[in-house]
Amino acid sequence: MPKSNRLQGTGNGQWADVKVVLRAPGNGSPRDVPINANDIIAPIERGLAILSVFGPADQWLGNQEISAKTGIPKATVTRLTQTLTDQGFLNHSTRLRKYGLAAAVLGLGYVTMDNSHTAALARSHMQKLADDCGVFVSLVGRDGLDVSLLENCHSTSSLATLGVNVGARFPIAANPFGLALLSGLPLAERNYLLDHIRLRYQQEYRVNLRSRVADAVAQVSQKGYCVSICELGSEITVAAAPLNIPDRPPMAIGCAGPARLITREKLREEIGPRLVELVTRLQDHAGLTLG
């Protein structure tokens, strides 16, 4: 059985598990963890169901039509479409007495497209670094007060990989990748986020939050990346760097691997410089490809 390395989540006793697991040779991601039905929030599920029924053939829909397509009672649909309209996700046509998708949904789509394009651009470079150094290489992007895993490459020379899949989310201040991302933000934006992030945590964790971020900022300023040794657990060492591409959401890219193999010397002489080189290459390439 793989050992579980705990990553601090909300500061209230809850944890998200990050594991080093063994993958089958030639197989991709670790087995997905099923979602507990009790964890699903019904109003959010129904709101997303409403947004998903709109398409090229159904650009405008009334409450009765939405109810028929989703199976949600009309009275509930009426309340949800009003809320989605108030929040900018739906437009209401008084002439048609129907609803259509609004700009806020389009904005979410553009963010997803940006992240997908960046991940596709980075994938081959990440895989080469993973193979050359025998590490996991992960790309994350900011999603509110969390980071979301956009891409994860493991070394073809090792059966070990991180037991998290693309799309997994973690609190931004509770992992080295998030600290690297914060380190690459302008000071005003970083402080704004920290003021909101610290409300998630109990007092004892808030005390050292800013010092942990300040340490990461100092490392990034000096070396271009920050290092975390055993912060995700006794088995894992991480080196992560901010990845900032103009007009794109803030991201971070980093390497992780067994602490017994990723020594301080290897970090300093091989993995760190290669990581900085990768970030520079992606930023330069993105300026030409994604601009």
Exercise. Do Val220 and Val147 belong together in a cluster built from hydrophobic side chains that touch within less than 4.5 Å?
Worked result: no
Exercise. Can you tell me if Asn244 uses its side chain to pair, donor with acceptor, with the backbone of Gly184 under 3.5 Å?
Worked result: yes
Problem set entry | Validation row: Leu149, Phe177 side chains within 4.5 angstrom (heavy atoms) | no
Exercise. How many angstroms lie between atom SG of Cys133 and atom NZ of Lys266, to the nearest 0.5 angstrom?
Worked result: 6.0 Å
Exercise. Can you check side chain to side chain contact (heavy atoms under 4.5 Å, CB included) on Leu193 and Arg142, steps first, answer last?
Worked result: CA-CA 11 Å; Leu193 288 174; Arg142 186 170 78 84; 3.6 Å; yes
Problem set entry | Considering all heavy atoms, the nearest Cys226-Ala180 contact | SG-CB, 3.8 Å
For this session: Starting at CG of Leu194, measure out to CD of Glu189 and round the result to the nearest 0.5 Å.
Result: 10.5 Å
Exercise. Among the clusters formed by ILVMFWY side chains lying less than 4.5 Å apart, do Ile72 and Val53 turn up in the same one?
Worked result: yes
Problem set entry | Qualifying residues under ring-ring contact (aromatic ring centres under 6.0 Å, His included), relative to Tyr225, sequence neighbours excluded | none
Problem set entry | Hydrophobic cluster membership, Phe89 vs Phe54, 4.5 Å side-chain cutoff | yes
Exercise. Taking side chain as C-beta onward, heavy atoms only, is Leu185 less than 4.5 Å from Pro250?
Worked result: yes
Seminar exercise, completed: Of all heavy-atom pairs linking Ser67 and Pro73, the shortest is OG-C, 3.8 Å
Seminar exercise, completed: In short, Thr70 meets Ala49 closest at the heavy-atom pair CG2-O, 3.9 Å
Problem set entry | Under 3.5 Å: donor-acceptor pair, side chain of Thr280, backbone of Val276 | yes
Exercise. Considering only heavy atoms from C-beta outward, does the side chain of Val217 approach that of Arg190 to under 4.5 Å?
Worked result: yes
Exercise. What residue pairs, at least two apart or across chains, pass salt bridge (Lys or Arg N to Asp or Glu O under 4.0 Å) with a residue in residues 64-84?
Worked result: Asp58-Lys69, Glu65-Lys98
Seminar exercise, completed: In short, Gly224 meets Ala241 closest at the heavy-atom pair O-CB, 3.3 Å
For this session: Could you tell me whether the side chain of Met251 reaches within less than 4.5 Å of the side chain of Leu150, counting heavy atoms only?
Result: yes
Exercise. Leu145 versus His196: any side-chain heavy-atom pair under 4.5 Å?
Worked result: yes
Exercise. Is there side-chain contact between Ile197 and Leu209, with heavy atoms separated by less than 4.5 Å?
Worked result: yes
Seminar exercise, completed: In this structure, CG of Asn152 is separated from OG of Ser138 (nearest 0.5 Å) by 3.5 Å
For this session: Not counting sequence neighbours, which residues clear salt bridge (charged side-chain N to carboxylate O under 4.0 Å, His left out) with Arg274? List them please.
Result: Asp132
Seminar exercise, completed: Smallest heavy-atom separation, Cys255 atom then Val135 atom, equals CB-CG2, 3.9 Å
Exercise. Side chain to side chain contact (heavy atoms under 4.5 Å, CB included) between Leu267 and Ile262: does it pass, once the steps are laid out?
Worked result: CA-CA 7 Å; Leu267 278 171; Ile262 303 181; 3.6 Å; yes
Problem set entry | CA sep, side-chain torsions, deciding dist, call: Met126, Ser124, side chain to side chain contact (heavy atoms under 4.5 Å, CB included) | CA-CA 5 Å; Met126 292 171 59; Ser124 62; over 6 Å; no
Exercise. Below 4.5 Å, heavy atoms only, C-beta onward: do Leu51 and Leu101 meet side chain to side chain?
Worked result: yes
Exercise. So, do His154 and Phe136 have ring centers that fall under 6.0 Å from each other?
Worked result: no
Problem set entry | Stepwise side chain to side chain contact (heavy atoms under 4.5 Å, CB included) check, Leu282 with Ile253 | CA-CA 10 Å; Leu282 289 176; Ile253 192 166; 4.1 Å; yes
Exercise. Below 4.5 Å, heavy atoms only, C-beta onward: do Tyr99 and Thr85 meet side chain to side chain?
Worked result: yes
Problem set entry | Under 3.5 Å donor-acceptor, Gln219 side chain and Val227 backbone | yes
Exercise. From Ser148 OG over to Leu139 CG, what is the distance, rounded to the nearest 0.5 angstrom?
Worked result: 9.5 Å
Exercise. Quick one: CG on Leu84 to NE2 on His92, what's the gap to the nearest 0.5 Å?
Worked result: 13.0 Å
Exercise. How long is the span from the CD1 atom in Ile172 to the CG atom in Leu179, to the nearest 0.5 Å?
Worked result: 8.5 Å
